[in-house]
Trainee: 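The structure's right below; bear with me while I get my questions together.
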Protein chains: 2
Amino acid sequence: MELNDFLPYQLSVLSLKISKGIAEHYQDQFGINISQWRVLVILYKNPDITAKKIAQLSQMDKVRISRTLKSLVQKKYLNQATHPLDARAKNYELSERGRYLMRAVIPDALRYEEELLKKLSDDERQQLQHLISKFNRILDREDSF
Amino acid sequence: MELNDFLPYQLSVLSLKISKGIAEHYQDQFGINISQWRVLVILYKNPDITAKKIAQLSQMDKVRISRTLKSLVQKKYLNQATHPLDARAKNYELSERGRYLMRAVIPDALRYEEELLKKLSDDERQQLQHLISKFNRILDREDSF
DNA sequence: TATTTTTTGTTTCATTTGAAACTAAATGTC
DNA sequence: GACATTTAGTTTCAAATGAAACAAAAAATA
């Protein structure tokens with residue numbers, strides 16, 4: 001029995017380790033926190049989606065998402081549009097200012113990732129991607145304990 | 001450029017997904033939260049260590065660790081001992097009650113992990129373990145951005 | 001040895017978080 | 001159509017969090 005090697009625990013430690021440095025960097029350089037960065041990334045790749053969709057994609061709490069969206073709209077990084085089919089929801093997308101921000105932040109983020117990934121072999125990188133996809137497929141099917 | 005596939009982001013989502021179900025379960029069944037569970041796991045495998053060491057191993061904040069240790073001592077799951085060489089620090093270990101708790105929780109945790117891992121092939125499991133170790137080695141060397 | 005600096009851990013306090021309650025709209029049922 | 005139920009998102013409020021300041025001991029330096 002190997003509890004140090006307990007997978008949820010190991011992944012949490014690893015994820016924290018990887019996020020720590022980069023999170024401070026975003027805050028210092030661009031004044032955006034981790035929640036904001038995550039929502040921005042999602043909207044960068046998925047324009048015109050609702051808070052609900054963001055929740056699904058990010059696994060973040062809906063309250064946190066609600067507040068993050070509010071702050072990003074206040075900072076003028078996002079545009080809000082009324083949803084055509086549902087008056088409760090709003091569609092969000094990056095504003096011009098938001099896209100400008102992302103053009104500044106993304107190279108930084110990618111450089112960090114590259115630094116990390118270049119220490120893996122081609123095989124290892126492929127395996128990593130494969131494993132992440134597989135886990136997501138497994139976990140999206142059954143979320144029960 | 002693939003930001004959805006940005007590694008820190010993917011790992012965070014995955015880690016949250018994996019932890020979600022199991023965290024609720026610990027709380028409901030045993031009245032311990034994620035911080036407490038993590039500290040307990042660490043002390044299960046590393047008896048007689050200080051808060052500092054726990055911080056290194058878990059990547060958790062020192063304030064959080066301080067409070068978690070306090071709560072676990074209050075709940076009588078841990079014994080505190082004065083550190084032989086450093087009067088500022090204390091050594092912690094599971095109490096009898098703590099070990100009893102762990103004997104109840106661990107099978108549950110391992111069953112959850114097993115459910116997850118049995119959906120991977122032998123190769124995939126090995127690759128997973130290899131990648132986690134490798135990342136930890138990489139990240140422990142250089143923690144600069 | 002005295003003094004400064006660093007390290008370990010705690011406390012304070014302002015911020016972040018998320019469960020629960022809520023609003024308002026959409027969907028389902030009669 | 002009227003009423004009940006579900007869904008999307010927000011607000012409230014109590015708890016968790018962590019940065020900064022702190023205390024106390026250890027280590028480094030003079």
Side-chain angles (χ1 to χ4, degrees), chain A residues 12 15-17 19-28 31-39 42-43 46 48-75 78-93, chain B residues 12-13 15-17 19-28 31-39 42-43 46 48-75 78 80-93:
Chain A
S12 160
S15 168
L16 283 174
K17 256 189 215 174
S19 293
K20 255 179 196 173
I22 205 172
E24 282 165 34
H25 186 75
Y26 292 154
Q27 186 63 261
D28 295 349
I32 54 176
N33 63 31
I34 268 281
S35 305
Q36 291 169 335
W37 164 243
R38 280 195 194 141
V39 168
I42 286 175
L43 287 171
N46 309 272
D48 281 309
I49 58 173
T50 64
K52 188 193 174 192
K53 186 72 185 169
I54 295 172
Q56 282 166 7
L57 291 169
S58 68
Q59 294 287 308
M60 284 163 63
D61 182 84
K62 65 175 180 166
V63 177
R64 195 171 166 197
I65 289 166
S66 171
R67 286 196 268 242
T68 301
L69 285 170
K70 196 176 173 183
S71 72
L72 288 172
V73 169
Q74 271 167 2
K75 283 167 176 273
L78 300 185
N79 294 327
Q80 254 174 340
T82 52
H83 188 99
L85 302 171
D86 190 335
R88 294 167 304 182
K90 279 167 200 147
N91 273 339
Y92 293 89
E93 61 172 4
Chain B
S12 161
V13 170
S15 168
L16 283 174
K17 257 190 212 173
S19 293
K20 253 178 197 175
I22 204 171
E24 284 166 32
H25 186 74
Y26 293 153
Q27 186 62 263
D28 294 349
I32 54 175
N33 62 32
I34 267 279
S35 305
Q36 292 169 334
W37 164 242
R38 280 195 194 141
V39 168
I42 286 175
L43 287 171
N46 309 272
D48 281 309
I49 59 173
T50 65
K52 188 195 175 191
K53 186 75 184 164
I54 295 172
Q56 282 166 8
L57 292 169
S58 69
Q59 296 286 307
M60 282 163 62
D61 182 84
K62 65 175 180 166
V63 177
R64 194 172 168 197
I65 288 167
S66 172
R67 287 197 267 244
T68 301
L69 285 169
K70 196 176 177 185
S71 73
L72 288 172
V73 169
Q74 270 165 3
K75 283 166 176 276
L78 299 185
Q80 254 174 339
T82 51
H83 188 97
L85 302 172
D86 190 335
R88 293 167 303 181
K90 279 167 200 148
N91 273 339
Y92 293 89
E93 62 172 3

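Below, chains carry the letters A, B, ... as their sequence lines are ordered, and counting in each starts from 1.
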Trainee: Any side-chain donor paired with an acceptor under 3.5 Å for B:Ser58 and B:Arg38?
Mentor: no
Trainee: Any idea which of C:dA19, C:dG9, D:dG9 is nearest the A:Asp61 side chain?
Mentor: C:dA19
Trainee: What is the distance, rounded to the nearest whole Å, between atom CG of A:Asn91 and atom C1' of D:dG9?
Mentor: 14 Å
Trainee: Between A:Asp86 and A:Val63, name the one whose nearest nucleotide on DNA chain C is closer to the 5' end.
Mentor: A:Val63
Trainee: Give a yes or no answer on whether the side chain of A:Ser71 reaches the backbone of A:Thr68 with a donor-acceptor pair at less than 3.5 Å.
Mentor: yes
Trainee: With nearest nucleotide decided by heavy atoms, which residue, A:Leu85 or B:Gln80, maps closer to the 5′ end of DNA chain C?
Mentor: B:Gln80
Trainee: Over all heavy atoms of both residues, which pair between B:Tyr92 and B:Leu43 is shortest? Give the atoms and the distance, please.
Mentor: O-CD2, 3.5 Å
Trainee: Measure from the side-chain heavy atoms of B:Lys90 and tell me the nearest of C:dT10, D:dT17, D:dG9.
Mentor: C:dT10
Trainee: Are A:Ser66 and D:dT10 close enough that a side-chain N or O sits under 4.0 Å from OP1 or OP2?
Mentor: yes
Trainee: Please report the distance, rounded to the nearest Å, between CD1 in A:Ile49 and C1' in D:dA8.
Mentor: 14 Å
Trainee: Tell me the interatomic distance from B:His83, atom NE2, to C:dT8, atom P, rounded to whole angstroms.
Mentor: 10 Å
Trainee: Whole angstrom is fine here: how far is it from CZ in A:Arg38 over to P in C:dT17?
Mentor: 10 Å
Trainee: Let me confirm one number: the CG-NE2 distance from A:Asp48 to A:His83, rounded to the nearest 0.5 Å.
Mentor: 10.0 Å
Trainee: Figure out the CD1/P separation between B:Ile65 and C:dT10, and round it to whole Å.
Mentor: 10 Å
Trainee: Between C:dG9, D:dG9, D:dG18, which one does the side chain of B:Ala51 approach most closely?
Mentor: C:dG9
Trainee: Grab the NZ-C1' distance between A:Lys70 and D:dT10 for me, whole Å please.
Mentor: 8 Å
Trainee: Report the distance from atom CG of A:Asn33 to atom P of D:dA19, rounded to the nearest whole Å.
Mentor: 13 Å
Trainee: When we call it a touch if two heavy atoms are under 4.0 Å apart, what does B:Lys62 touch: a base, just sugar-phosphate, or nothing?
Mentor: base
Trainee: Whole angstroms only, please: what is the NZ-P distance between B:Lys52 and D:dA27?
Mentor: 11 Å
Trainee: Among the candidates D:dA25, C:dG9, D:dG18, find the nucleotide nearest to the side-chain atoms of B:Ala87.
Mentor: D:dA25
Trainee: Could you measure the distance from the CD1 atom of A:Ile42 to the CD1 atom of A:Ile54? Nearest 0.5 Å is fine.
Mentor: 6.5 Å
Trainee: Counting distance alone, no hydrogens or angles: does the base of D:dG18 have a donor or acceptor under 3.5 Å from a partner atom on the side chain of B:Arg67?
Mentor: yes
